[in-house]
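What follows is one structure encoded as structure tokens, with my remarks underneath.
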Amino acid sequence: MAGDKAFLQFIQVKKTYDHRTLVVKDFNLEVAKGEFITLLGPSGSGKTTCLMMLAGFEDVTSGEILINGRQVTSIPPYERNIGMVFQQYALFPHMTIRENLAYPLKIRKQPRQAINAKVNEYLALVELQDFANRYPGQLSGGQRQRVALARALIFAPDIVLMDEPLGALDKKLREQMQFEIKRLHEQLGFTVIYVTHDQTEALTMSDRIAVFNQGIVQQCAPPHVLYERPANLFVADFIGESNKLSGRIEAVDDQEVSVRLSDGALVRARKANCTQVGQPTTVSVRPEKLTFTDRLGNAGNQVRARFLTSHYVGEYIRYHFATADGTELVVKNMNDSSAPRLEPQQEISLAWLPQDSQALDRPEAPTPS
Ligand code: ADP
Ligand code: MG
């Protein structure tokens with residue numbers, strides 16, 4: 001992290017709306033200046049609540065939020081110097097684009113000359129110079145969101161909060177806007193706290209992602225770490241796709257564990273949150289890391305599986321298999337000369353490298369009553 005002190009800190013932040021249930025249970029996060037942090041998680045997991053507490057629109061039940069080492073809890077929202085973009089553009093419909101952009105500067109009492117210059121600069125930045133005198137209702141969804149973005153940035157906020165800002169746009173436009181937001185972030189260097197439930201969006205845009213579930217951060221790490229070394233089953237499932245093999249820990253060393261799978265095979269996996277001999281575990285392997293043995297030779301782990309079916313996806317082929325105990329496995333193989341031809345029900349070995357799999361804690365299923 002840049003500098004010795006974090007620019008933004010959440011320390012043991014808790015939130016309840018009804019004085020009974022905590023919707024944010026214990027939120028801790030340190031953000032460096034200029035970082036792009038995403039809060040990712042299912043609906044209702046507490047992401048928006050965290051943004052609202054940072055912005056000052058919701059009280060913190062307990063804990064602290066510091067910006068530049070200074071408690072913000074007693075600072076009113078408009079003095080926190082935070083820009084915001086929401087899914088609904090929240091532009092003023094009765095103001096032109098120019099007036100919408102000028103608004104944050106007007107309320108900050110900047111001189112007219114300076115306001116005009118800034119508005120022109122930001123219109124150019126989001127390439128809407130030709131739309132300055134139109135009203136929001138006369139723009140497309142993507143254009144309106146660019147106005148919202150420019151309006152959130154024009155007063156040079158230290159922190160910009162974006163809550164599902166692209167949620168209302170179609171896929172193509174969303175991807176364009178992701179690129180646009182990244183470009184502005186790199187150009188202007190503000191700090192971003194971005195909220196989304198879309199994992200691809202989070203992976204492509206963020207320096208780090210905090211994965212939320214039920215008011216708790218499950219893991220906070222750069223995209224490749226989350227994807228390649230998920231810390232628990234929730235993260236392995238929520239981000240990307242995972243094959244899951246059940247077994248029990250048989251031996252433990254520094255980095256890896258040995259796992260006896262339910263079909264009797266012994267495999268090795270990276271040690272994650274499951275570290276006791278005898279503990280039930282789920283070995284997770286990404287579909288693109290699981291492969292045909294002729295690719296890996298005898299270097300890795302192996303399981304026997306029956307071929308069920310395959311789907312042609314263009315750049316790759318998805319193969320579906322089942323192990324003897326009925327566990328379904330998916331292999332993603334590039335659509336190249338290595339793509340094998342398999343007969344239905346044909347039994348083969350699938351392989352992967354130990355370091356491409358994690359042994360994750362698997363709560364034992366409650367015994368049916
Ligand atoms: P997310 O943004 O991850 O979807 P939220 O922070 O909006 O989650 O909500 C977390 C939980 O808090 C949910 O159970 C939601 O119903 C509840 N909640 C959110 N806002 C309020 C509010 N203003 N009053 C009462 N409960 C709320
Ligand atoms: Mg939300």
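Sequence positions, counted from 1, serve as the residue numbers for this chain. In listed order, ligands and their atoms are each counted from 1.
- Among all protein heavy atoms, the one lying closest to atom 8 (O) of ligand 1 is Gly46 N, 3.2 Å.
- Here Thr48 has heavy atoms under 4.0 Å from ligand 1 in both its backbone and its side chain.
- Taking the charged nitrogens against the carboxylate oxygens, Glu256 and Arg268 do have a contact shorter than 4.0 Å, which makes a salt bridge.
- If you number the atoms of ligand 1 from 1 as listed, the ones under 4.0 Å from a heavy atom of Val23 come out as 11 (C), 12 (O).
- With a cut-off of 2.8 Å, the Mg ion (ligand 2) has an N, O or S atom of Thr48 in range.
- Judged by the 6.0 Å and 45° rule, Lys14 forms no cation-pi pair with Phe27.
- Counting heavy atoms closer than 4.0 Å to ligand 1, residue Pro42 contributes backbone atoms (N, CA, C, O) but none from C-beta onward.
- Aromatic rings of Tyr135 and His94 (six-membered ring for Trp) have centroids beyond the 6.0 Å cut-off, not under it.
- Ligand 1 has a nitrogen or oxygen under 3.5 angstrom from a nitrogen or oxygen of Gly44.
- The cationic atom of Arg108 (NZ for Lys, CZ for Arg) does not lie both less than 6.0 Å from the six-membered ring centre of Tyr103 and within 45° of the ring axis.
- Considering only heavy atoms from C-beta on, Phe190 stays 4.5 Å or farther from Asp158 through its side chain.
- Counting only heavy atoms, the protein never gets under 4.0 Å from atom 16 (O) of ligand 1.
- The protein heavy atom nearest to atom 6 (O) of ligand 1 is Thr49 OG1, 2.5 Å.
- Nearest non-hydrogen protein atom to atom 19 (C) of ligand 1 is Tyr17 CE1, 3.4 Å.
- Scanning all protein heavy atoms for the shortest distance to atom 3 (O) of ligand 1 gives Lys47 NZ, 2.8 Å.
- Ion pairing of Arg208 with Glu35 is present here, as a side-chain N (NZ or NE/NH1/NH2) and a carboxylate O approach within less than 4.0 Å.
- Residue contact check for ligand 1: Gly41 places no non-hydrogen atom closer than 4.0 Å to it.
- Taking 4.5 Å as the limit, some side-chain heavy atom of Leu188 sits within range of a side-chain heavy atom of Leu153.
- The ligand atoms of ligand 1 that sit less than 4.0 angstrom from a heavy atom of Ser45 are 1 (P), 3 (O), 8 (O).
- The existence of a salt bridge linking Glu328 and Lys244 is excluded, since no basic side-chain nitrogen approaches an acidic carboxylate oxygen closer than 4.0 Å.
- Note that NZ of Lys15 is 4.5 Å distant from CD of Glu58, once rounded to the nearest 0.5 Å.
- Remark: ligand 1 atoms within the under-4.0 Å shell around heavy atoms of Ser43 are 4 (O).
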